[in-house]
Amino acid sequence: MSKILEQLATAIIEGDIDNTPKLVQKALDEGLEPLSILNDGMVMGMNEVGRRFKAGEMFVPEVLMSAEAMQAGLKILRPLLVSSGAKLLGKVIMATVQGDLHDIGKNLVGMMCEGAGFEVIDLGFDVPAERIVQAVKEHKPDIVGLSALLTTTMRQMAYTIKALEEAGLRDKVKVMVGGAPVDAEFAKKIGADGYGSNAAAGAELAKKLVGAA
Amino acid sequence: MEVHKVNYEVNATPTLQILTEDEIEAIYFSSLRVLEETGVRCYNPEGVDILHAHGAHVEDKNLVKVPSWMVERARSTLPKKVTVVGMPDKDGKRKYRMDLVKNSAYWGTGSDTPYTIDPYTLKRRRSTYQDVKNLAIIAEALPNIDFFMSLGITQDTAVGTYDRWQYLAMLEGTNKPINITAVDVEGLRDQLEMAYIRLGGKEEWKKAPAFSLYIEPVSPLSHDPIVIGKLLFCCDNDIPFVYTPCPQAGATAPCTLAGVLVQALTESLFGIVLSQLRKPGAQVIIGGLLSQMDMQTTVMAYGSPEMALLSAAYTDITKWLMVPMYNTSGCSDAKMFDEQAAMEATLNTFIAGLIGGNMIHDVGYIESGLTSSPDMLVACDEIIGMVKRFLQGIPVTRETVPLETIDQVGPGGHYLGTDHTLRHFKTEFWKPVLMDRLDWDRWVKAGSKPMRERVHQRVLEILQAEREPLFDEKMYKELRRICELADERHKGEEMGIGIV
């Protein structure tokens, strides 16, 4: 690995939001390929973050800083990668469903997905099915992530999936669901494509759903 | 007895204090500043209008900034004591009573877990009507459980009207005071109607409410429109309500425990102000499940020492404010009733008792509040028993310092046959129900059962014991009718996606 890629990986691990874009720019100036900068530098760093998190050597706030650094670097890289025709991980729309104000879980999954390299569009909380359908039409995401904390709002996940079906969009996106009262069985019952029991599992699932893991 | 003749100070009970008065004031005035300068989001337009009409500043449609004088004024009409009395027995007497006031401790269960541990298979699964009823039956049988919350959501009934069925299941199981949950105002109204029926009329409710309502602000600093609707309904109908957040330090609240206290107090003070504007004298209980997000797992910790410490510190604040406290104990992050569950529950139950109550909920919670456990509930009853004994302290009086008896027995004798022993041995010692104090041989003969087995056996004994229904068939039908009418009104909303 070249020195600059090594530095970039370290910047990601350290969650260095200021330095990461600078290092990305420096790598580009040195003539490195955007895809190599991503995969051999940033993703290497993020993989190490994942390993350390699992081993209990890094904690959530640090992982989120790394995810932010990742996004700061991707801001520069993404347009170059797109124009070079490289395949990116894709877009995720995240929402806490209608009637539910609890969004910490949704936020965590969104940030973890950003760390994995996804572009994340966060629709916020208390989001009605129609707004999600509208956002899918507008942003053409690969994945829609739905979150709920209450059993009464869990139903909104089913309503949303049905609304996506009715709009003819269901086969265009994968739907993943999560939240404290949700489980794999419920996800299956309402026709979701997957369930994540925690934020890291959510990001892993997102990768799986786009065929990247 | 050798005592000082003057300036003799006694400790009638053990004492615990986390915060000094200066620290409490620092937190209180910080909360006032957050409420006045940062403000809170209130997504209920009626609530916003009330606050605005009485002096609060409103920006950006729903960002409400409440001046300190409004809080001070609200406190002047806020009841210092809230009383909830259970349902009548066959003789018409309502014998279970909670007087929630400074330094009084009442223990009860927690509410609305998606899962429960099946008492017969010991498998974790979605909770049902029968589970709620069973757990209420267990709570009814346990002497140290003073109130009940639905240890499980009824998920084999319609999702949108589960609350009425859940209340019915609880009423079938226990006459103790209940802290209910409600889907919305309509669900709350239906349950109030059910309570009137069960009590034999609205007048009985006026004497003393038979349930309180559990509602939450959403941390940080947000107030749900439906929840505020329920709060206003409670004020209008003399229903005491618990308005307490579940902030997670480091995630939905500041990472420091003092920061959590400030934010939680701000969230509850908002509820106090709104309630007292709606109806001076409205009965509010504050407190919460104050804890942290575990930075490794992202789980909200229920068994952490920080949870116990925060609850105790917050109780100091509520004592200073003179408002009833909603405390937390008897809960754990363990996945079953095991050694971890026992350790965590013992610590938090002990602390909640020592600090002085008041309405101590979540007894029987495992898996960080996602699962209820009959075994945990029964074991905690024993823990509470030990704690209550501890709280009685050591009275030092002429009777308890028996100089004459000591002189009588003298060196080398024994106390087994003395009048003094006969007078005290039944009341001085706490009597275990489940704790084992057998000698080895007798323990082996009794089956060499570890605690876990003895606890579970007690669960089964309670569930298998014969019991009379708490009310007759006619009453049951009347109560059930309200549930069925609600289902009828909401037919078609379920889309066939019942959870169980």
Side-chain angles (χ1 to χ4, degrees), chain A residues 52-64 96 98-105 107-109 111-112 124-126 129 148-163 165 178-183 185-192 196-203, chain B residues 41 43 112-115 124-127 152-155 157-163 166 181-184 187 216-227 246-248 250-253 255 292-300 367-371 490 493-500:
Chain A
R52 289 189 191 180
F53 181 52
K54 268 190 194 140
E57 295 161 18
M58 267 177 94
F59 297 90
V60 174
E62 296 161 324
V63 174
L64 297 184
T96 297
Q98 185 166 25
D100 214 321
L101 265 61
H102 301 90
D103 65 350
I104 186 69
N107 294 341
L108 280 168
V109 174
M111 287 185 273
M112 292 280 187
F125 55 83
D126 191 18
L149 181 75
L150 311 169
T151 47
T152 44
T153 54
M154 268 165 76
R155 288 185 302 178
Q156 284 294 335
M157 294 178 162
Y159 295 162
T160 304
I161 289 174
K162 196 161 174 235
E165 272 166 20
V182 181
D183 58 16
E185 202 184 324
F186 181 77
K188 207 171 149 199
K189 198 174 210 170
I190 63 169
S197 72
N198 60 69
Chain B
R41 289 278 174 190
Y43 296 102
D112 289 58
T113 57
Y115 305 97
R124 172 186 180 270
R125 56 164 176 72
R126 293 272 181 189
S127 50
I153 307 173
T154 54
Q155 290 164 94
T157 54
V159 179
T161 49
Y162 84 91
D163 50 349
Q166 190 161 289
T181 60
V183 172
D184 48 23
E216 287 178 6
V218 179
S219 297
L221 305 174
S222 300
H223 302 270
D224 179 286
I226 294 172
V227 167
C246 300
Q248 305 182 52
T252 58
C255 197
Q292 77 267 40
M293 190 181 82
D294 181 88
M295 291 300 181
Q296 179 101 57
T297 61
T298 69
V299 160
M300 180 167 190
E367 200 200 331
S368 316
L370 288 177
T371 298
H490 291 274
E493 290 170 22
E494 300 295 315
M495 287 176 44
I497 45 149
I499 301 166
V500 171

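Chain A is the first sequence line, chain B the second, and so forth, proteins listed ahead of strands; every chain is numbered from 1. Treat the numbers as computed from the prediction; the structure is a model and nothing was measured. Basis for what follows: all heavy atoms, side chains included, without hydrogens, waters or symmetry-related copies.
- Residues that satisfy the ring pair (Phe, Tyr, Trp, His ring centres under 6.0 Å) test with B:His223, not counting sequence neighbours, are B:Tyr243, B:Phe270.
- Nearest heavy-atom pair across A:Pro61 and B:Met295 is CD-SD, 3.5 Å.
- Counting only distance, with no hydrogens or angles, the side chain of B:Gln296 and the backbone of A:Val60 share no donor-acceptor pair below 3.5 Å.
- Rounded to the nearest 0.5 Å, atoms OG1 (B:Thr297) and CZ (A:Phe53) are 8.0 Å apart.
- Residue contact with chain A, scored on non-hydrogen atoms closer than 4.5 Å, involves the side chain of B:Leu370 exclusively.
- With sequence neighbours excluded, no residue forms a side-chain hydrogen bond (donor to acceptor under 3.5 Å, both in side chains) with A:Thr160.
- Neither the backbone nor the side chain of B:Met300 comes within contact range of chain A; no heavy atom of the residue lies under 4.5 Å from a heavy atom of that chain.
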Could you go through the side-chain contact (heavy atoms from CB on, under 4.5 Å) check for A:Leu101 and B:Arg41 one step at a time?
-> CA-CA 11 Å; A:Leu101 265 61; B:Arg41 289 278 174 190; over 6 Å; no

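- Atoms CG and OG, on A:Asp103 and B:Ser222 in that order, are 8.0 Å from each other to the nearest 0.5 Å.
- Looking at A:Met154 and B:Val159, their side chains never come closer than 4.5 Å, going by heavy atoms from C-beta outward.
- For B:Glu216, the part sitting under 4.5 Å from any heavy atom of chain A is the side chain, from C-beta outward, and nothing else.
- Taking OG1 of A:Thr151 as the start and CG of B:Asp112 as the end, the distance is 7.0 Å to the nearest 0.5 Å.
- Contact tally against chain B (heavy-atom pairs below 4.5 Å) for A:Val63, A:Asp183, A:Asp126, A:Leu150: the top residue is A:Asp183.
- Residue B:Asp224 comes nearest to A:Gly99 through the heavy atom pair OD2-O, 4.0 Å, listed as atom of the first residue, atom of the second, then distance.
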Mind running side-chain contact (heavy atoms from CB on, under 4.5 Å) on A:Arg155 and B:Glu493 for me, showing each step along the way?
-> CA-CA 9 Å; A:Arg155 288 185 302 178; B:Glu493 290 170 22; 4.1 Å; yes

